[in-house]
Undergrad: 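Handing you a structure now.
What's counted below: heavy atoms across the whole structure, side chains too, no hydrogens, waters or symmetry copies.
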Amino acid sequence: MKIPAILKQIAEKIDKKGGKPILVGGAVRDYLLGIESKDLDVEVFGLAANQLITILKKFGRVSVVGKAFGVLKLTVDNDYYDFSLPRNDLKIGLGHKGFHIKTDPSMTFEEAASRRDFTINAMGYNIITHKILDAFGGQTDLKKRILRVVNPNTFVEDPLRVLRGIQFAARFNLNVPENTLSIFRDLTYTLQELPKERIYIEIEKLLLKSTKPSLGLKLADTVGVIKKLFPELNALHKTVQDVESDKKSNFWQHTMRVVDEAVNLKNNDEFHDLCLMFAVLCHAFGKPHTVCFSNGKRRSLNNSQEGIKSTRSFLDRLTNEIKLVDTIESLVGMHLQPLSMFQSRNVSDGAIRRLSMKVDIPLLIDVARADYYGNLPKETKNKEFPAGRWLLDRYNQLELYDKTKLQPILLGRHLIDLGLKPGVQFGKVLQDAFELQLDDKFNSLDDALIWARKQVGNT
């Protein structure tokens with residue numbers, strides 16, 4: 001395993017003082033999967049907290065981020081490393097804070113690892129001897145792609161582990177045996193103990209790190225998580241989708257196809273990818289409230305507004321990030337626009353500009369493309385989305401990637417220079433001028449002023 005030089009040096013110091021530095025958690029799992037891990041957590045056995053702090057201070061700045069939990073963060077230049085002491089956890093109350101925690105440097109690795117959630121996360125790597133420590137068969141389970149609980153008795157103390165298991169299953173394509181499913185089902189009733197921030201982190205990992213998010217979402221549905229936490233998603237089961245690819249498909253099944261299609265449209269920009277994945281997850285939320293059938297045809301009136309309302313409800317239970325929520329809402333509300341505009345074949349430049357003022361058009365195209373692909377027959381190989389190509393061409397032709405193209409030419413100071421005083425008419429003239437600008441009625445300040453003089457003269 002590739003260990004940073006600074007960690008090797010620290011490990012040697014710890015070893016000389018009689019401690020045992022063990023790399024734990026996801027880093028070992030990822031190493032065995034051939035994945036580069038940035039989360040390097042070191043658990044130190046055989047040393048007290050003050051001894052470990054003394055050693056770490058020689059290498060950088062030490063922050064005690066969880067004194068009760070025995071967690072220390074070392075900052076060296078711009079790199080961060082987490083060190084911890086082995087501990088005993090005793091459940092004494094509800095929620096993630098309902099634990100009595102006591103560090104115990106004398107614990108063995110096996111004793112400490114027994115409190116971890118899954119066998120694939122309970123392995124360690126001795127930085128000094130370069131040996132993998134595996135007390136619970138994590139390597140075998142990883143090879144067989146099995147998600148197995150380490151200790152059922154302690155696993156149930158934190159319901160968040162259900163959500164962690166769901167995102168692990170999706171990220172690493174793991175099979176979940178019945179005994180693990182049973183443990184998950186039994187814990188669903190306690191999920192509402194969790195603060196929304198913790199739930200959000202696991203959903204974010206599921207959407208951003210999975211190559212096939214539907215695996216995790218279907219697992220969440222199987223064990224009752226969807227029904228318990230996300231009624232907007234659960235409602236999609238009840239609404240039939242009338243599409244040529246599958247007459248019996250409902251919007252849950254459609255959404256599962258769409259989230260998997262969206263994975264291929266991510267571009268490694270975290271905000272783009274988060275908005276894309278959440279938007280496709282939410283894009284059909286309006287359907288259960290609006291879909292009806294007439295003469296064998298599906299009708300969906302006011303779908304966009306209902307979708308926005310349900311998306312807001314869903315996201316408010318997960319995050320307080322206003323920009324993220326607003327962006328996703330816009331994408332959900334307008335995800336049909338690319339196809340609708342393309343099919344009308346008579347869309348003005350002004351309409352494209354107005355759309356660009358409301359939503360990021362390239363991002364909107366990605367959402368619409370995933371939705372469109374989700375309706376294609378499974379055997380379709382060469383997928384095309386003509387509406388997306390057409391809209392992106394219009395977007396580029398109008399140079400809307402340059403935000404100055406959507407800034408008003410005529411400003412308040414220009415009207416004041418013409419003698420118009422601020423007031424109701426003042427704002428109306430500015431708004432009318434901007435609408436004309438969007439429609440190419442004028443594109444220079446001189447033309448705008450000629451028009452404005454006429455308006456001022458008529459007031």
Undergrad: Please confirm whether the backbone N or O of I120 pairs with a side-chain atom of R29, one donor and one acceptor, at under 3.5 Å?
TA: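 Checking the backbone N and O of I120 against the side chain of R29, no donor-acceptor pair under 3.5 Å is found.
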Undergrad: Considering residues, nucleotides and ligands other than K17, do more than 12 of their heavy atoms fall under 6.0 Å from its NZ?
TA: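 Check fails, neighbour count at 12 or below.
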Undergrad: Any carboxylate oxygen within less than 4.0 angstrom of a Lys/Arg side-chain nitrogen, looking at K2 and E36?
TA: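 Answer for the salt bridge query: no.
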Undergrad: Hey, is the main chain of N234 close enough, under 3.5 Å, to the side chain of H237 for a donor-acceptor pair?
TA: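 No: the side chain of H237 does not pair with the backbone of N234.
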Undergrad: Okay, side chain of N396, backbone of L392: is any donor-acceptor separation there less than 3.5 Å?
TA: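 At least one qualifying donor-acceptor pair exists.
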Undergrad: Can you find a heavy atom in the side chain of L236 that is under 4.5 Å from one in the side chain of N250?
TA: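 Sidechains of N250 and L236: no contact.
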Undergrad: Answer yes or no: does atom CZ of F434 have more than 12 heavy-atom neighbours from other residues, nucleotides or ligands under 6.0 Å?
TA: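 Yes, CZ of F434 has more than 12 neighbouring heavy atoms, counting only those of other groups under 6.0 Å.
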Undergrad: Answer yes or no: is there an ion pair linking R148 with D141, defined by an N-O contact shorter than 4.0 Å?
TA: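 Salt bridge: yes.
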Undergrad: Mark yes or no for whether Q437, through its side chain, and I409, through its backbone, hold a donor-acceptor pair below 3.5 Å.
TA: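 Yes; judged by distance alone, with no hydrogens or angles, the pair exists.
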Undergrad: Apply the side chain to side chain donor-acceptor pair (under 3.5 Å) test between H272 and each candidate in D366, T327, D360; give the one that qualifies.
TA: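 For H272, the side chain to side chain donor-acceptor pair (under 3.5 Å) test succeeds with only one of D366, T327, D360, which is D366.
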Undergrad: Salt-bridged, R354 to D349, with N to O below 4.0 Å?
TA: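 No, no charged N to carboxylate O under 4.0 Å.
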Undergrad: Is the side chain of R317 donor-acceptor paired with the backbone N or O of S313 at a distance under 3.5 Å, no angle test?
TA: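 Flag set: sc R317 to bb S313 pair under 3.5 Å.
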Undergrad: Taking D273 for the side chain and K266 for the main chain, is one N or O donor matched with an acceptor at less than 3.5 Å?
TA: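 Side chain of D273 to backbone of K266: no pair is present.
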Undergrad: Checking ring pair (Phe, Tyr, Trp, His ring centres under 6.0 Å) between F285 and each of F278, W252, F314, which is the one that passes?
TA: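 The passing option is F314.
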Undergrad: With under 30° as parallel and over 60° as perpendicular, where do the rings of H130 and Y125 fit, or are they tilted in between?
TA: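 Aromatic pair H130/Y125 classed tilted.
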Undergrad: Short question: side chain of S330, backbone of D326 - any donor-acceptor pair under 3.5 Å?
TA: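 Answer holds: yes.
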Undergrad: Would you tell me whether D39 and S37 have side-chain atoms, one donor and one acceptor, within less than 3.5 Å of each other?
TA: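 Checked: D39/S37 side chains show no N/O donor-acceptor pair below 3.5 Å.
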Undergrad: Answer yes or no: does atom NZ of K73 have more than 12 heavy-atom neighbours from other residues, nucleotides or ligands under 6.0 Å?
TA: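 Above 12, so yes.
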Undergrad: Would you indicate whether the side-chain heavy atoms of I352 and L391 approach each other to under 4.5 Å?
TA: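 A side-chain contact exists here, since the closest heavy-atom pair is under 4.5 Å.
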Undergrad: Can a salt bridge be assigned to the pair R185 and E178 using a cut-off of 4.0 Å between side-chain N and carboxylate O?
TA: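 Looking at E178 together with R185, the answer is yes, because their closest N to O distance falls below 4.0 Å.
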Undergrad: Is a side-chain N or O of T108 found less than 3.5 angstrom from the main chain of E111, in a donor-acceptor match?
TA: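 Here the side-chain-to-backbone pair exists.
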Undergrad: Establish, from distance only, whether the side-chain atoms of N151 and S114 form a donor-acceptor pair under 3.5 Å.
TA: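 No, because no side-chain N or O of N151 sits under 3.5 Å from a partner of the opposite role on S114.
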Undergrad: Go through the side-chain N and O atoms of R145 and N175 and say whether any donor and acceptor fall under 3.5 Å apart.
TA: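 Result is no, nothing qualifies.
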Undergrad: Tell me if the NZ atom of K309 is crowded by more than 12 foreign heavy atoms within 6.0 Å.
TA: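 No, NZ of K309 has 12 or fewer neighbouring heavy atoms, counting only those of other groups under 6.0 Å.
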Undergrad: Applying side-chain contact (heavy atoms from CB on, under 4.5 Å) between V62 and each of L52, T54, L74, I55, report the one that passes.
TA: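 Running side-chain contact (heavy atoms from CB on, under 4.5 Å) over L52, T54, L74, I55 with V62 returns exactly one hit, L74.
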Undergrad: Counting N and O atoms only, with roles assigned by atom type, does the side chain of S340 sit under 3.5 Å from a partner on the main chain of L336, one being a donor and the other an acceptor?
TA: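 Flag not set: sc S340 to bb L336 has no pair under 3.5 Å.
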Undergrad: Can a cation-pi geometry be assigned to K13 and F59, taking NZ or CZ under 6.0 Å from the six-membered ring centre and within 45° of the ring axis?
TA: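 Checked: cation-pi criterion not met.
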Undergrad: With under 30° as parallel and over 60° as perpendicular, where do the rings of H254 and F251 fit, or are they tilted in between?
TA: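 Because their plane-to-plane angle is over 60°, the rings of H254 and F251 count as perpendicular.
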Undergrad: I'd like to know if the side chain of T180 reaches the main chain of L147, judged simply by a donor and an acceptor atom lying under 3.5 Å from each other, with no hydrogens or angles considered.
TA: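 Yes, the answer is positive, given that a donor and an acceptor are paired below the 3.5 Å cut-off.
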